[in-house]
Amino acid sequence: GLIAKAGRYFAGVGYLNEIHAHAWDFADAPLASKAFLGNRLAEDGFQVKWLAPTDEVYLDFGMGIGRGRKFPAGPDNGRDKNGFGSANFFAHLGGDIGAGTAWQLGASYLRSHPQNRAYADLDSTGTSVSNGISAKSRLLALSGVLKWSPNGNSTVNNFKLQGEYFRRNESGALSYDTAAASLGTRTGPYRSTQSGWYAQGVYQFEPQWRAGYRYDRLNPGTTSIGLVDAGTLSAADFPILARYRPTRSTWMLDWSGSEFSRLRLQVARDRSRNGQPDNQVVLQYIMSLGAHGAHKF
């Protein structure tokens, strides 16, 4: 029951991150995956998983350590020491309810140490600045999946309910205006607790047709900026860190001509940016060539 992999791989954080994008039920990643994993987290390192020899339920435990070359740990050129940049621990529990329903719960914990993780912003003077965060970052991810099909025959019609919850704590230092220096380069303590979640349902009502809906939400939580608390700068100098709750509603309809192709229409009402709602329409075509392994649960 021991499974190991090394090299570059999608880390076992949450549920969706390990699934290849062509197998997603929507054309893009949820807001929570974008905010806490930089869309999706690929690691350079190794991961080991142990599948427990249980009969009635599915149970696994695993861990991985990586270079931390990408967000939330990266970029890796900001690290000033050797060693691993991130560590991940995860577990899954699942089982069946009768002949037509299956479920799975998951929990994972990601530790990373970003060094001068840069992000662009506009300060109170309207100047474009580049700020950086050096901190301890801890991310907790909880996931749940429920699948139903009549008597286990998913080729006729089926329904899948899926959701994930992320919560991140970071504490360290925030460097202000490292590029433009319009108000001078400053560094002060930084601490934040942020969260986000999504829930989605997809129903296959005909052998080749599916429809689905997804709702996303992010919560700014609490953020403490030492430069603001000390009166050195104002909260207006950090607009990206302002208290705002981004949301998004997404509808999709797709048609599969065969098991190797899929055509999808997706419409979304995106309120990720404060005061700037965005209506989005996506037309996506997916095609698979050659042999392909089975997808994850």
Please check: side-chain N/O of [X] versus main-chain N/O of [Y], any donor-acceptor pairing under 3.5 Å?
X	Y	value
Gln104	Val145	no
Thr101	Trp148	no
Asp237	Ser124	yes
Arg40	Asn17	yes
Ser256	Arg262	no
Gln47	Ala6	no
Tyr9	Phe46	yes

Nearest non-hydrogen partners of [X] and [Y], listed with the distance:
X	Y	value
Tyr15	Ser143	CB-CB, 3.7 Å
Ala23	Ile19	CB-CG2, 3.7 Å
Pro72	Arg117	O-NH1, 2.8 Å
Gly196	Leu218	CA-CD2, 3.9 Å
Lys147	Phe297	NZ-C, 3.2 Å
Thr223	Ser192	OG1-CB, 3.9 Å

Just verifying a value: how many Å separate [X] [atom1] and [Y] [atom2], rounded to the nearest 0.5 Å?
X	Y	atom1	atom2	answer
Glu18	Phe10	CD	CZ	10.0 Å
Ile225	Leu227	CD1	CG	8.0 Å
Arg167	Thr193	CZ	OG1	5.5 Å
Ser249	Asp216	OG	CG	8.0 Å
Asp254	Arg210	CG	CZ	4.5 Å
Asn88	Tyr109	CG	OH	11.0 Å

Counting only heavy atoms not in [X], do more than 12 fall under 6.0 Å of its [atom1]?
X	atom1	result
Lys136	NZ	no
Arg138	CZ	yes
His22	NE2	yes
Asn279	CG	yes

When the side chains of residues 57-64 are checked against the rest of the protein, which donor-acceptor pairs come out under 3.5 Å, sequence neighbours left out?
unit_1: Tyr58; atom_1: OH; unit_2: Asp60; atom_2: OD2; d: 2.6
unit_1: Asp60; atom_1: OD1; unit_2: His92; atom_2: N; d: 3.2
unit_1: Asp60; atom_1: OD1; unit_2: His92; atom_2: ND1; d: 3.0
unit_1: Asp60; atom_1: OD2; unit_2: His92; atom_2: ND1; d: 3.4

Same cluster or not: [X] versus [Y], using hydrophobic residues (I, L, V, M, F, W, Y) connected whenever any side-chain heavy atoms lie under 4.5 Å apart?
X	Y	result
Val228	Tyr190	yes
Leu37	Leu31	yes
Leu241	Leu122	no
Phe71	Val13	no
Leu263	Met252	no

Is the closest side-chain donor-acceptor distance between [X] and [Y] under 3.5 Å?
X	Y	result
Thr187	Ser175	yes
Gln204	Asn157	no
Thr250	Gln266	no
Gln194	Arg168	yes
Tyr198	Glu164	yes
Thr247	Arg217	no

pair [X]-[Y]: side-chain heavy atoms closer than 4.5 Å:
X	Y	answer
Glu206	Val156	no
Leu142	Leu140	yes
Gln200	Asp25	yes
Val48	Leu2	yes
Lys49	Phe90	yes
Ile65	Ser86	no
Asn169	Leu139	no
Trp209	Leu253	yes

Evaluation steps, side chain to side chain contact (heavy atoms under 4.5 Å, CB included), between Ser130 and Tyr119: CA-CA 6 Å; Ser130 177; Tyr119 74 92; over 6 Å; no
Set of side-chain hydrogen bond (donor to acceptor under 3.5 Å, both in side chains) partners for Arg248, sequence neighbours left out: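 Partners of Arg248 by the side-chain hydrogen bond (donor to acceptor under 3.5 Å, both in side chains) criterion, ordered by chain and then number, come out as Asp28.
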Criterion side chain to side chain contact (heavy atoms under 4.5 Å, CB included) on Leu161 and Val202, from CA distance to verdict: CA-CA 7 Å; Leu161 182 65; Val202 176; over 6 Å; no
Trace of the side chain to side chain contact (heavy atoms under 4.5 Å, CB included) decision for Trp50 with Ile3: CA-CA 6 Å; Trp50 178 66; Ile3 304 169; over 6 Å; no
Which side-chain N or O atoms in residues 271-278 pair as donor and acceptor under 3.5 Å with protein atoms at least two apart or in another chain?
unit_1: Ser272; atom_1: OG; unit_2: Asp270; atom_2: OD1; d: 2.4
unit_1: Ser272; atom_1: OG; unit_2: Asp270; atom_2: OD2; d: 3.4
unit_1: Asp278; atom_1: OD2; unit_2: Gln280; atom_2: NE2; d: 3.1

Mutual orientation of the aromatic rings belonging to Tyr176 and Phe238 [parallel < 30°, tilted 30-60°, perpendicular > 60°]: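 Answer is perpendicular, since the angle exceeds 60°.
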Parallel, tilted or perpendicular: ring planes of Tyr203 versus Phe159, cut at 30 and 60 degrees: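 Tilted: the ring planes of Tyr203 and Phe159 meet at 30° to 60°.
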Stepwise side chain to side chain contact (heavy atoms under 4.5 Å, CB included) test for Ser261 and Tyr285: CA-CA 7 Å; Ser261 66; Tyr285 178 66; 3.6 Å; yes
Matching residue for Glu170 among Ser137, Ser112, Ser134 - test: side-chain hydrogen bond (donor to acceptor under 3.5 Å, both in side chains):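 For Glu170, the side-chain hydrogen bond (donor to acceptor under 3.5 Å, both in side chains) test succeeds with only one of Ser137, Ser112, Ser134, which is Ser137.
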Partner of Trp197 by ring pair (Phe, Tyr, Trp, His ring centres under 6.0 Å), out of Phe36, Phe166, Tyr215: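 Answer to the ring pair (Phe, Tyr, Trp, His ring centres under 6.0 Å) test with Trp197 among Phe36, Phe166, Tyr215: Tyr215.
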